[in-house]
Amino acid sequence: MTELQLTNTQGGKKHPFVPRDPQSVTMYVCGPTVYNLAHIGNARPVVVFDVLYRLLLQLYPKVVYARNITDIDDKIIAAARERGGDIQAVSDEFTVKFREDMAALNTLVPTLEPHATDNIDAMIALTEDLVAKDHAYVSDGHVLFAVESMPSYGALSGRKLEDMLAGARVEVAEYKRHPGDFVLWKPSSPEDPGWDSPWGRGRPGWHLECSAMIRAHMGESIDIHGGGRDLIFPHHENERAQSCCAYGGEFVRHWLHNAYVDMDGEKMSKSLGNVRSVRELLAHYPGEVLRFSLLSAHYRSPLNFSSDLLDGARASLDTLYNALRQHVDVEAAEFDASETEVFEALKDDLNTPKAIAALHASAKALNKANPAEVARAKGELMAGAALMGLLAHDPEEWFTATQSEQVSAETVEQLIAERIAAKAGKNYARADEIRDQLSSKGVVLEDGADGTSWRRS
RNA sequence: GGCUCGGUGGCAGAGUGGUCAUGCAGCGGAUUGCAAAUCCGUCUACGCCGGUUCGAUUCCGACCCGAGCCUCCA
């Protein structure tokens, strides 16, 4: 058995994952800023790290998986202002919708889901530590992190302070000592939300939130920190700076970042108008199709999202479910997930495309299995699929669940009965007529050895 | 300008210094009353130019092309 290997963003190399404490592994993934609906790109890290979480649960006795909710942020303030409501209403609404959407993608609920607004004290404490150690300074009501105070600043994202200046396209606020300095705490005007602090009423900077919540809920050092590639700089670089400078030590053992989801070859962005929300997609595709799509490329490669991708995912899932459906009558044997090819593929830096190939191999084996082998083959397929959070539905339901209600299940069953009678009487014209009639309504009939089954196309 | 990461068959997408990815699509066959599903077989590939090597899609170098980050962003 090989060990788990992961690519560490810091250093850019794939190497064995060695947790600080094999009895209790810790993973923190940056969660949503709850100011609008999650789009399919937001869903990628959630699904990818859900697979990693399942894998870790298989490997270690205890896994603490935290995903934060950023519920105080200038974007939320702006959204609340726009709709004339209050901030809490906006963040509550989109927190609930985020959870619903992610549940539809069959992701497990994290161990911890810390909210930024519940951890303001920890953020103030961290800022105080940084000020006390001269890594931060107060200027014009702001508390700023001094990037020059940290020799290794830039080590995660692989950039040097002087290089960053060359490309600076933003005007530098005059209260900054160095253009790269970033805000830990900023002042709030009376109408903005704020909390009392040693520096007056204000609110935390975005980067500070994650550092403080990690320290408060998981300790000063964690095994895995994940998120989307775009978070590497500045968000994670700055988190690293804050935490390392505040209390030293090894903040994060393994940094993991997933690549983007593109839409038809272009980056998803509001200006291009090609942002697709998970909720919108769920109206047209089962959550499992979205999940499968997101896992069809390796997490570090860009994923081009398109209807072809979704249709292909659906076809693949149909194939896998069909194998299970052929053997509904046989109960799957217990199968240790750590004996599957899927497990081996996932341990190699979460090679989900290879794992999916293994799933297809299992399905093929199940299709070909002789009666004595069916239970074991079915168990293997299901164990591998469970590791990826797939094949969670009842196969019969998968094929017959109503997407567009053109014809009821009862009608279908009636017509099938009539058709069987027609076939028995060699009235093939009538049999074909019924099949064509149902086909036009999106129902496909399949004559098997033991009767006729159907599915919606 | 700086820093990253990529370019694999019709499409999607793994992987490897020398016989296999896999899925969808195509083609041939088995099966079927005919289909569908399933099974068997099969075609199409590694951006370009050099180098290393007995041998490179895989290693090295140049080039071309593409994407991302450097600013809120999964």
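Each chain gets a letter, A, B and so on, in the order the sequences are listed, and its residues count up from 1. Values below: all heavy atoms of this structure, side chains included; hydrogens, waters and symmetry mates excluded.
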Sugar-phosphate, base or nothing in reach of A:Val261, heavy atoms under 4.0 Å: base
Residue whose nearest RNA chain B nucleotide is more 5′ - A:Leu309 or A:Pro32: A:Leu309
A:Phe94 CZ to B:rC73 P, straight-line distance once rounded to whole Å: 18 Å
Euclidean distance for P, B:rC60 against B:rG26 (whole angstrom): 40 Å
Distance-only donor-acceptor test (3.5 Å): side chain A:Asn304, base B:rC11: no
Nearest-nucleotide pick for A:Asn351, side chain only, options being B:rG15, B:rG2, B:rG33: B:rG15
Pair partner, B:rA62 [Watson-Crick or wobble, under 3.5 Å]: none
Sugar-phosphate, base or nothing in reach of A:Ile356, heavy atoms under 4.0 Å: nothing
Touch class at under 4.0 angstrom, heavy-atom based, for A:Asp73 against every strand present: nothing
A:Asn367 side-chain N/O to B:rA37 phosphate OP1/OP2 under 4.0 Å: no
Gap in Å between the two C1' atoms, one belonging to B:rC24 and one to B:rA14, rounded: 15 Å
d(CH2, A:Trp454; C1', B:rA36) in whole Å: 15 Å
Inter-nucleotide C1' distance (B:rG33, B:rG23), Å rounded: 32 Å
Pairing partner of B:rU42 (Watson-Crick or G-U wobble, both distances under 3.5 Å): B:rG26
Quiz item: A:Arg229 side-chain donor-acceptor pair to B:rC5 base, under 3.5 Å: no
Interatomic distance where CG belongs to A:Asn322 and C1' belongs to B:rA36 [whole Å]: 10 Å
Paired nucleotide for B:rC34 [Watson-Crick or G-U wobble; both distances under 3.5 Å]: none
Base B:rA35 paired with A:Arg435 side chain (donor-acceptor, <3.5 Å): yes
Crowding at CE, A:Met218 (>12 non-hydrogen neighbours, <6.0 Å): yes
OP1 or OP2 of B:rC70 under 4.0 Å from side-chain N/O of A:Lys160: no
First encountered from the 5' end of RNA chain B, between A:Gln326 and A:His207: A:Gln326
Integer-rounded Å distance: B:rC11 P and A:Leu303 CG: 17 Å
Nearest-angstrom distance from the residue atom OH of A:Tyr153 to C1' of B:rC3: 14 Å
Residue pair A:Thr7 / A:Leu256, side-chain heavy-atom distance below 4.5 Å: no
Under 3.5 Å: donor-acceptor pair, side chain of A:Ser188, backbone of A:Pro193: yes
Pair partner, B:rC3 [Watson-Crick or wobble, under 3.5 Å]: B:rG68
Under 4.0 angstrom between A:Lys364 side-chain N/O and B:rC40 OP1 or OP2: yes
The single option from A:Phe233, A:Phe182, A:Trp185 passing ring pair (Phe, Tyr, Trp, His ring centres under 6.0 Å) against A:His207: A:Phe182
Touch class at under 4.0 angstrom, heavy-atom based, for A:His39 against every strand present: base
Between B:rC43 and B:rU19 - P atom distance, rounded Å: 15 Å
Check ion pair A:Glu344-A:Lys347 (N to O, under 4.0 angstrom): yes
Basic-acidic side-chain contact under 4.0 Å: A:Lys186, A:Asp192: no
B:rG15 versus B:rA21 - spacing of their P atoms, nearest Å: 14 Å
Sugar-phosphate only, base, or nothing, as touched by A:Gly227 at under 4.0 Å among non-hydrogen atoms: sugar-phosphate
Spacing between A:Asn42 atom CG and B:rC72 atom P, to the nearest angstrom: 17 Å
Phosphate-side-chain proximity, A:Ser457 and B:rA36, N/O vs OP1/OP2 below 4.0 Å: no
Ionic contact status for A:Arg99 with A:Glu113, cut-off 4.0 Å: yes
Nearest-nucleotide pick for A:Lys368, side chain only, options being B:rC69, B:rC39, B:rU22: B:rC39
Plane angle bin for A:Trp398 and A:His393 - parallel if under 30°, tilted between 30 and 60°, otherwise perpendicular: tilted
Separation of atom CD in A:Glu237 from atom C1' in B:rC73, rounded to whole Å: 17 Å
Pairwise P distance for B:rC27 and B:rC63, with rounding to whole Å: 45 Å
Distance, C1' atom - from B:rA56 to B:rC49, rounded to whole angstrom: 15 Å
Nearest-Å distance for atom pair OH/C1', residues A:Tyr260 and B:rU4: 13 Å
Check: B:rG33 base within 3.5 Å donor-acceptor of A:Asp432 side chain: yes
Sugar-phosphate, base or nothing in reach of A:Thr319, heavy atoms under 4.0 Å: sugar-phosphate
Sugar-phosphate only, base, or nothing, as touched by A:Arg276 at under 4.0 Å among non-hydrogen atoms: nothing
Cationic N near anionic O, under 4.0 Å, A:Arg67 to A:Asp50: no
Pairing partner of B:rA21 (Watson-Crick or G-U wobble, both distances under 3.5 Å): none
A:His360, nearest nucleotide to its side chain (from B:rA37, B:rU22, B:rG33): B:rU22
Sugar-phosphate only, base, or nothing, as touched by A:Ser301 at under 4.0 Å among non-hydrogen atoms: sugar-phosphate
B:rC73 to B:rA37 separation - C1' atoms, rounded to the nearest Å: 45 Å
Closest listed nucleotide, where the reference is the side chain of A:Trp206 and the choices are B:rC72, B:rA74, B:rA14: B:rC72
